Amino acid sequence: MCGIVGIVGASPVNVSLYDALTVLQHRGQDAAGIMTLDGGNLRQRKANGLVRDVFLRRHMMRLSGNIGIGHVRYPTAGSSSAAEAQPFYVNSPYGIALAHNGNLTNSKALAARCNDARRHVNTESDSELLLNILAWKLEAASGAVPTPSDIFAAVRGVNEEIEGAYAVVALISGAGLLAFRDPLGIRPLVLGERDVGEGRKEYMVASESVALDVVGFRLVRDVAPGEAVFIDLAGHLHTTTCAPGAALRPCIFEYVYFARPDSVMNGVSVYAARVRMGTRLAATIKRDFSHLNIDVVIPIPETSVDIAVQIARTLGVPYRQGFVKNRYIGRTFIMPGQRQRKKSVRSKLNPIPAEFRGKRVLLVDDSIVRGTTSEQIVEMAREAGALEVYFASASPQIRYPNVYGIDMATSRELIAYGRSDEEICRLIGADALIYQSLSDLEGAVREENPALTDFETSIFTGEYPAGRVDAAYLADLERQRSDDAKADRAWSEANEDLDIYNDR
């Protein structure tokens, strides 16, 4: 999962891109990058680290230009080295820079297509493959500057070649800014505008509407599934659908965990959806777990806070903040290995004993993935003096890997895979375990926008709607994503860094 942003402005966009990336930081904490177009020159800064650390004053001064794109990265597979920070760039044709959120499920076939087209790919990133496929398709344009028709034809060609989930922003030197979304709209992308007087407008695209808010753009709408948006250098907006049979099927886990509560995606307030998740989960507790004598409801900060508040209100039980979060620790879900995740949980959360001592506590979290965090939190609650510890998950049992841009663990690393609720409850050490049903989760999101008739729910169902995802693909994915594979890559990259240092 990554965050992307693109702006076509009437004045320099470097600061706006920086500000937008800071509020998209939750979508990726591994690397950040910005590229701007200044006349005929593309200017870039990217590196591993948080936005505030990657971009210093001297970097911002160099990022001149009224058009630019930005990216925050969270690696789903492959390397997390600085070489794979985005945006990526190719100089032919025209000079193209691209940033991508998502994951392509036919990367091996795309690598072969790039070889056939005599295009060199320098990293393991599927985003670089996507860039080269786009560049290859743009070679059909005959003019010195591609027209909107040329660009949309290239996007149609890209959609014919690639499979999976993707939201993309790209700069085309001499032409403008391009953005497009996969035919199912699995990964989010929104369009915004801002009036600058005399009938002129500035345009912005981003992963979430909160990025528009922070720099003063108005949310116009979501980029439609399969739609391409192109803003030329004169600031004119061009849009068209570039994928036949496009139909909205957004990733439901965006609403559960990834997106900020102050964002609006696909016509749904993330905050309101989470409140409704709490209402429905409370109804399940009333119906199926009425024997539990809950004294207090406590969230696992902080995605689940809005859910827990609503559960407490509906059940008529006190709500308390029982954990203090260290906000300088990254999101545990996207830590690169099991050992680091375990170490970071107690560094990130510290219990307030007075809220646990002598009480029967309902802990509320957005989801249970590997079970690592849940087990340790239950243990911390008991150490703080809880009489009984119940655990509620706002999402259903996660049993299958995600192939569309979330580094969801392989099946064998998922605690719910092949296990009953009773087994999971014992493994995390809870006295009771309550899961949200999939129908209730979908209903909580759909309630605000009934047009959302379907969702991407593969982590719960094992049904993959985009691309050919079979047993062989999942086995190969497991080889890439397992904690052992990540540890091997980290060791290799550390040695490469050491070699570079010694060569100096």
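As the structure is a prediction and not an experimental result, all values here were calculated from the model. Numbers here simply count residues along the sequence, with the first being 1.
- Qualifying ring pair (Phe, Tyr, Trp, His ring centres under 6.0 Å) partners for Tyr203, counting only residues two or more places apart in sequence or in other chains: none.
- For residues 172-190, the salt bridge (Lys or Arg N to Asp or Glu O under 4.0 Å) pairs, not counting sequence neighbours, are Arg187-Glu254.
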Please report, to 0.1 Å, the donor-acceptor pairs under 3.5 Å made by any side chain of residues 59-66, with sequence neighbours excluded.
residue, atom, partner, partner atom, Å
His59, ND1, Val54, O, 3.2
His59, ND1, Leu56, N, 2.9
Ser64, OG, Asp38, OD2, 2.7
Ser64, OG, Arg43, NE, 3.1

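- With respect to Arg280 and Asp440, a salt bridge is recorded, a charged nitrogen being found less than 4.0 Å from a carboxylate O.
- Listed by first then second residue, pairs satisfying salt bridge (Lys or Arg N to Asp or Glu O under 4.0 Å) with a partner in residues 466-475 read Glu163-Arg468, not counting sequence neighbours.
- Remark: Glu227 pairs with Arg221 by the salt bridge (Lys or Arg N to Asp or Glu O under 4.0 Å) rule, at least two apart or across chains.
- Not counting sequence neighbours, the partners of Asp232 by the side chain to side chain contact (heavy atoms under 4.5 Å, CB included) test are Phe230, Ala234, His236, His238.
- When each of Ile231, Leu233, Leu42 is paired with Ile67, the side chain to side chain contact (heavy atoms under 4.5 Å, CB included) condition holds for Leu233 and for no other.
- Here Val13 pairs with Ile7, Leu17, Thr36 under the side chain to side chain contact (heavy atoms under 4.5 Å, CB included) rule; sequence neighbours left out.
- Not counting sequence neighbours, the partners of Ile415 by the side chain to side chain contact (heavy atoms under 4.5 Å, CB included) test are Ile368, Arg419, Ile424, Leu427, Ile428.
- For Ser263, the side chain to side chain donor-acceptor pair (under 3.5 Å) partners at least two apart in sequence or on another chain are Glu208.
- Residues meeting the side chain to side chain contact (heavy atoms under 4.5 Å, CB included) test with Ala466, sequence neighbours left out: Leu184, Ile186, Tyr404.
- For Glu456, the side chain to side chain donor-acceptor pair (under 3.5 Å) partners at least two apart in sequence or on another chain are Ser458.
- For Glu161, the salt bridge (Lys or Arg N to Asp or Glu O under 4.0 Å) partners are Arg113, Lys137, not counting sequence neighbours.
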